[in-house]
Amino acid sequence: MTSPSPAPAPLEGPWLRLRPVAEPDLPTILEWLREPEVLHWWDNELGSLEEAREEFLEPDPRDPGAGYLIEEQGSALGYIQWWQRSDDEMDAHWAGIDIFIADPTARGRGVGTEAVRMLLAWLFEERHLHRVTIDPETGNARAIRSYQKAGFRLDGVLRHNDFMRGAWVDTQMMSILEDEWPEAKAAWDAERALG
Ligand SMILES: CC(C)(COP(=O)(O)OP(=O)(O)OC[C@H]1O[C@@H](n2cnc3c(N)ncnc32)[C@H](O)[C@@H]1OP(=O)(O)O)[C@@H](O)C(=O)NCCC(=O)NCCS
């Protein structure tokens, strides 16, 4: 996971708003990282505001990216980020996404899928990327289902790709390509039309 830099502008949708993280959000983020489900699947408990600032507000300036609070009617429900690596010219064509919904009452009602779709729309339509990836743990069935709904397809299992909760875990690499985005967007539009 790479730390993101703040985005210049919020992403506005009819339901949710993705607002770039700012300094006053850091205590909330620290608290969110200790919420049991976030702690389990994200496993990045930070000890201080300074650590949170470093992780969420002071990324490596060479690596493009952005972190946003996910807001519904002014209430912050969670966090989403995109990131790129700057090591290679080809790296400019793809990005990774990470997300957590920290408010337990907000999970399971479509917020995560909606936030991912909003970010995908921006990455494909504004940044013109070729490929976007996400890599939930193989055991995180809810996350995998949510990302499939947003249009991600399964690439394969990366064995021992992450170190979580004191052990190596397998992750499910998922991706969506630019030419798959129109179909995923049409599915999103159809769902919204149904209300
Ligand atoms: C993963 C996460 C981002 C998904 O966001 P969300 O708003 O809860 O997800 P949605 O409501 O959009 O979609 C969840 C889907 O998974 C399904 N689901 C829920 N629990 C499930 C399970 N145990 N197995 C399979 N599917 C499950 C839901 O039914 C829903 O699918 P449906 O709309 O077809 O019914 C959010 O739950 C979360 O942040 N969890 C804790 C931290 C985390 O896991 N972060 C992701 C790290 S990769």
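Both backbone and side-chain heavy atoms feed into the values below; hydrogens, waters and symmetry mates do not. Note that ligands are numbered from 1 as they come in the structure, with each ligand's atoms numbered from 1 the same way.
Note that atom 29 (O) of ligand 1 has no protein non-hydrogen atoms nearby, at separations under 4.0 angstrom. When distances from atom 33 (O) of ligand 1 to the protein are checked, a heavy atom turns up under 4.0 Å.
Using a 4.0 Å cut-off between charged side-chain N and carboxylate O, R131 and D155 make a salt bridge. The residues E191 and R117 are annotated as salt-bridged, a charged nitrogen and a carboxylate oxygen being separated by less than 4.0 angstrom. The residues K149 and E114 are annotated as not salt-bridged, no charged nitrogen and carboxylate oxygen being separated by less than 4.0 angstrom. Classification of K185 and E180 as a salt-bridged pair fails, no side-chain N sitting under 4.0 Å from a carboxylate O.
Closest heavy-atom approach to atom 45 (N) of ligand 1 among the candidates I99, V38, D43: I99. One option in G110, A143, A102, P136 has a heavy atom closer to atom 1 (C) of ligand 1 than any other, and that option is A143.
In this structure, W82 has its ring center at least 6.0 angstrom away from the ring center of W94.
With hydrogens left out, the protein atom closest to atom 5 (O) of ligand 1 is G112 CA, 3.4 Å, a heavy atom. Summary of contacts: the protein heavy atom closest to atom 25 (C) of ligand 1 is A141 CB, 3.7 Å. Ranking protein heavy atoms by distance to atom 39 (O) of ligand 1, first place goes to I101 N, 2.6 Å. Of the protein's heavy atoms, K149 NZ, 3.2 Å lies nearest to atom 13 (O) of ligand 1. Summary of contacts: the protein heavy atom closest to atom 41 (C) of ligand 1 is R107 NE, 3.8 Å. Here the protein heavy atom with the shortest distance to atom 43 (C) of ligand 1 is W41 CB, 3.6 Å.
Residue contact annotation: F100 has a non-hydrogen atom under 4.0 Å from ligand 1.
Residue R142 touches ligand 1 through backbone and side chain together, judged by heavy-atom distances below 4.0 Å. Proximity of W32 to ligand 1, defined as any heavy-atom pair under 4.0 Å, is not found for any part of the residue.
In this structure, R34 is not positioned above the aromatic face of W32 in the sense of NZ or CZ being under 6.0 Å from the six-membered ring centre and within 45° of the axis. Figure legend: cation-pi geometry between R142 and W41 absent, as NZ or CZ is not positioned both under 6.0 Å from the six-membered ring centre and within 45° of its axis.
At under 3.5 Å, a nitrogen or oxygen of N140, whether backbone or side chain, sits near a nitrogen or oxygen of ligand 1. At least one N/O-N/O distance between R145 and ligand 1 falls below 3.5 Å. Considering backbone and side-chain atoms alike, R109 places an N or O below 3.5 Å from some N or O of ligand 1.
Between Y79 and W42, the angle of the ring planes goes over 60°, which puts this pair in the perpendicular group of the 30/60° scheme.
Annotation for ligand 1: atoms under 4.0 Å from non-hydrogen atoms of G108 are 6 (P), 7 (O), 8 (O), 11 (O). Residue contact check: T113 has heavy atoms under 4.0 Å from atoms 10 (P), 12 (O), 13 (O) of ligand 1. For ligand 1, the atoms sitting less than 4.0 Å from at least one non-hydrogen atom of Y147 are 46 (C), 47 (C), 48 (S), numbered in the order shown with element in parentheses.
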Using the rule given for side chain to side chain contact (heavy atoms under 4.5 Å, CB included), can you reason through L119 versus L11, listing the C-alpha separation, both sets of side-chain angles and the distance that settles it, and then say yes or no? CA-CA 8 Å; L119 195 50; L11 306 185; 3.9 Å; yes
For the pair I97 and T133, evaluate side chain to side chain contact (heavy atoms under 4.5 Å, CB included) and give the outcome as yes or no after the intermediate values. CA-CA 6 Å; I97 291 181; T133 67; over 6 Å; no
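In this structure, I99 and I70 have side chains that are in contact, with non-hydrogen atoms separated by less than 4.5 Å.
Between the side chains of N161 and W168, not a single donor N or O lies within less than 3.5 Å of an accepting N or O.
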